[in-house]
Amino acid sequence: MIFEQKANALVAHRGTETIRIEFRGKNSLWVRATQYPDFTGNEWALTEHGEPDAYDAAHPAEIIVSENEPLTYGDDTYEAPCAAITNGLVGAVISRIGILTFYKRDRKILREYYRFYDGTLSNESRCLKQIGRDYKPWFGGDYHLTVRFEANEKEKIYGMGQYQQPYLELKGCILELMQKNSQVSVPFMMSDRGYGLLWNNPATGRVTFAKNIYEYTADAAKEMNYWITAGDSPKEIIKQYTSVTGRAPMFRDDLLGLWQCKLRYRTQEEVLKVAHKYKELNIPVDVIIIDFFHWTRQGDWKFDTKYWPDPKAMVDELHSMGFKVGISVWPSVDKKSEHFAEMEEMGYLMRTERGSNQTYDFQGDCVEIDVTNPAARKYIWDICKKNYYDYGIDFFWLDNSEPDMVKYDFDNYRYYLGPAMECSNIYPQYYCRAFYEGEKEAGAEKIVSLVRCGWAGSQKYGTLIWSGDVPSTFEALRDQVAAGLNMGLAGIPWWTTDIGGFMTDDYHDPDFIQLLLRWYEFAVFSPVLRMHGDRGPHTIPPLDDREHGGGFLFTGQDNELWSYGEEAFRIMKAQLNVRLKMKNYIKELYQEAHENGSPLMRTMFYEFPEDDKCWNVSDQYMFGSSYLVAPILHRNEYSREVYLPAGKWMDIRSGQVLEGGRTIVADAPIDSIPVFEKQD
């Protein structure tokens, strides 16, 4: 290896490969490697400069190149030539053949996997000839990249975004690095060994946290790109991570209560009828949302005037009653839409590498807008500003934001940024940026977009992610608890779900109503309380038989609080009052997310990292620092075990104060779930 120091970076060369490790934020290092003559310069998620670098006087920011003498770091000794870089708590060593090893203080936390003769390190093999960075050329250019690390025994891993599985702890999991409906790849992992790693690469691929090896793959990449940080607590790690990827802005105070939505309000009259009934019943609702196919065709991005004759008057009336109004926007463009020809001519649409130019086929022959193109982002915003924002629409529901595809054949799609295999995971971040930047320019301050997907750094663009079109089952409810907690650990604090799940066969089924209530009780203690779903059966006749517009498309059954019988109505009203009484507290949680990146829904170990039991609890969580929430996740379950960390805890239902440091059995009648407030 040939080593050199360039300002705040350690650079190493071996053959055609260049490795660059540099300071990037407090206790953190940015690591890149390439087989090309130079790096791309893509910062991807690392858009912020972060807090000041090293603060630990015992481990100052420094770079050491040892050309002739052995170098000792922690318990390891490396033969020359080798080099080390240290930034506060985190350090890295590059061995004489280019193997990377990372340390927290003097303790090894991560080492590249290799089975290749080096002469200085363990795991030597003259036969396997395998090292941690594997570049394989693929037809058409660039590399299929594989990066391997030695697995740490008994290590626990969290984060990585949202996957529809019940596993909060990810050791032993294989995770697609691909965006799909209800799957959100946000590739930041947090370890119980006191470090976090961002795979700073928007390529499609996979990560495996196996017992014997950790392996990241990028289907197409020009370079290896990741960022590693070390901290003494999960809160410190998240703070450092969000200091370089960005933090959520302040959330709007007028969106902290109930959001009302269904699939789908078909007319202006339907929306106003629901709003007036809520007012008559004296039930406070913060938001009412207008779902898809209020438009003429996908890509027209405007109201169908047959059913929405005066949207400005409708919005004004809703505002006068205290409602904020959201509107659904899709990135799909029907070939029969009024904008398709111009967008195709201007190069604002995704491209296919082969076959017909189609990427989506729900209710039309569609191609998605290429939001990686800045001009395309401005184009869609200008239309939506004219047809929605200028009517007084308060925020946008950016649906299908992965984007959804006919088939997830990423090798067949291409963007302004390049092949989809190389960059498509960043699509939802750019989609949200189009509206965030447009609203900023229009003078908006606290911007929120409800989005079905995101990537690392999405949080800084006012992204509220919901968990997608998940089934209406208790199994899916269990999955959402793990999904919401891991999203928070991946740096995205604004997260919500469709209460009751999205897909229901019979909305009067008693088992479904039980699920709905348990989901609602859970959602009260989540960042956003939002009623939504496609409530079956689909027996409501269409409004007309046109081939376009919203009149012909199916709609779901009613989904308002009063739609499920008197007992369910009573329970949901009472639970809404619990939510409303916490508004000031919830506002403080959003403030904390803005200031240091802390999620609102927090794993037990986030608040109690010194309690070993909290690292093994996955079916309860903290809502902020004060409330311990134990959702009911099984049908016909009316009590459950709850682990209370040391201290005193008050059952918010009875007022009883319990001593912690033990597991209790808490009652859970159908009208409430166990929630305990920490007593100082």
Side-chain angles (χ1 to χ4, degrees), residues 254-294 303-304 307-328 391-395 397 450 496 498-500 502 504 506-509 512-513 516-517 519-521 523-524 528-543 550-551 553-581 583 671:
D254 52 5
L255 304 182
L256 301 180
L258 178 64
W259 294 30
Q260 176 58 50
C261 186
K262 63 165 281 187
L263 184 108
R264 60 187 179 85
Y265 297 123
R266 297 176 295 173
T267 70
Q268 185 170 319
E269 289 74 20
E270 287 181 0
V271 170
L272 291 172
K273 181 180 178 181
V274 167
H276 280 289
K277 185 165 183 179
Y278 270 116
K279 293 300 290 184
E280 291 166 8
L281 294 172
N282 198 29
I283 300 172
V285 175
D286 285 1
V287 174
I288 194 162
I289 303 180
I290 300 166
D291 201 353
F292 69 174
F293 279 84
H294 61 270
F303 286 99
D304 182 346
Y307 300 108
W308 309 83
D310 195 344
K312 177 69 165 62
M314 175 192 67
V315 172
D316 288 346
E317 186 171 349
L318 290 169
H319 283 168
S320 72
M321 292 187 285
F323 292 88
K324 299 297 179 289
V325 186
I327 195 80
S328 175
Y391 290 151
I393 294 292
D394 295 285
F395 68 91
W397 177 7
L450 180 63
T496 185
D498 293 348
I499 291 174
F502 179 70
T504 312
D506 180 1
Y507 79 128
H508 281 152
D509 183 341
F512 169 71
I513 294 175
L516 177 79
L517 292 174
W519 207 307
Y520 189 99
E521 291 159 4
V524 164
V528 166
L529 178 68
R530 174 175 162 270
M531 292 288 286
H532 183 59
D534 181 8
R535 302 293 172 241
H538 289 156
T539 57
I540 301 173
L543 296 173
L553 192 64
F554 65 91
T555 185
Q557 303 289 337
D558 292 345
N559 189 48
E560 292 71 44
L561 296 193
W562 57 79
S563 305
Y564 300 97
E566 290 185 6
E567 182 186 27
F569 186 35
R570 174 186 63 80
I571 292 170
M572 287 191 282
K573 281 198 301 180
Q575 287 293 311
L576 176 57
N577 287 333
V578 172
R579 174 82 179 191
L580 297 177
K581 289 176 181 177
K583 267 194 171 184
D671 62 356

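Just so you know, these numbers use all the heavy atoms, side chains as well, and skip hydrogens, waters and symmetry mates.
Screening Asp291, Val274, Ile288, Asn559 against Lys262 for a side-chain contact (heavy atoms from CB on, under 4.5 Å) leaves a single residue, Asn559. Of the options Tyr265, Tyr520, Phe502, a ring-ring contact (aromatic ring centres under 6.0 Å, His included) to His532 is made by Phe502 and by none of the others.
At least one side-chain heavy atom of Val287 sits under 4.5 Å from a side-chain heavy atom of Leu255. Side chains of Ile327 and Tyr391 form no contact here, defined as non-hydrogen atoms less than 4.5 Å apart. The shortest side-chain heavy-atom distance between Asp310 and Met314 does not fall under the 4.5 Å cut-off. When side chains are defined from C-beta on, Asp671 counts as touching Arg570, because their heavy atoms get closer than 4.5 Å. At least one side-chain heavy atom of Leu281 sits less than 4.5 Å from a side-chain heavy atom of Phe569. A heavy-atom distance below 4.5 Å is found between the side chains of Glu521 and Ile571.
Taking each heavy atom of Pro311 and Gln268 in turn, the nearest pair found is N-OE1, 3.9 Å. Scanning all heavy atoms of the two residues, the minimum distance from Gly257 to Leu580 falls at CA-CD2, 4.2 Å. Here the closest heavy-atom approach between residue Val524 and residue Arg579 is recorded as O-NH1, 2.7 Å. The two residues Ile499 and Trp519 make their nearest non-hydrogen contact at CA-CD1, 3.7 Å. Scanning all heavy atoms of the two residues, the minimum distance from Gly550 to Asp304 falls at N-OD2, 3.6 Å. Heavy-atom minimum distance, Met531 versus Leu258: CG-CD1, 4.0 Å.
If you take CG on Leu263 and CG on Leu553, they are separated by 7.5 Å, rounding to the nearest 0.5 Å. The distance from the OH atom of Tyr507 to the CZ atom of Phe512 is 10.5 Å, given to the nearest 0.5 Å. Interatomic distance, SG of Cys261 versus CG of Asp498, reported as 8.0 Å (0.5 Å rounding). The distance from the CG atom of Asp316 to the CE atom of Met321 is 11.0 Å, given to the nearest 0.5 Å. Rounding to the nearest 0.5 Å gives a distance of 9.0 Å between CD of Gln575 and CG of Leu517.
For Phe395, the ring pair (Phe, Tyr, Trp, His ring centres under 6.0 Å) partners are Trp259, not counting sequence neighbours. The side-chain contact (heavy atoms from CB on, under 4.5 Å) check on Ser563 picks up Asp558, Glu560, with sequence neighbours excluded. His538 is linked by a ring pair (Phe, Tyr, Trp, His ring centres under 6.0 Å) to Phe554, counting only residues two or more places apart in sequence or in another chain. With sequence neighbours left out, the ring pair (Phe, Tyr, Trp, His ring centres under 6.0 Å) criterion links Tyr278 to Trp562.
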With side-chain contact (heavy atoms from CB on, under 4.5 Å) as the criterion, how do Leu516 and Met572 come out once you've worked through the C-alpha distance, each side chain's angles and the decisive distance to 0.1 Å? CA-CA 10 Å; Leu516 177 79; Met572 287 191 282; 4.1 Å; yes
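Judged as a salt bridge (charged side-chain N to carboxylate O under 4.0 Å, His left out), not a single pair has a partner in residues 531-543 (not counting sequence neighbours). Identified under the salt bridge (charged side-chain N to carboxylate O under 4.0 Å, His left out) test for residues 265-285, with sequence neighbours left out: Arg266-Glu270.
Counting only distance, with no hydrogens or angles, the side chain of Asp394 and the backbone of Gly326 share no donor-acceptor pair below 3.5 Å.
The cationic atom of Arg264 (NZ for Lys, CZ for Arg) does not lie both less than 6.0 Å from the six-membered ring centre of Trp397 and within 45° of the ring axis.
Electrostatic pairing of Lys583 and Asp286 counts as a salt bridge here, judged by a charged N lying under 4.0 Å from a carboxylate O.
His294 and Trp308 have perpendicular rings, their planes meeting at more than 60° on a 0 to 90° scale where under 30° would count as parallel.
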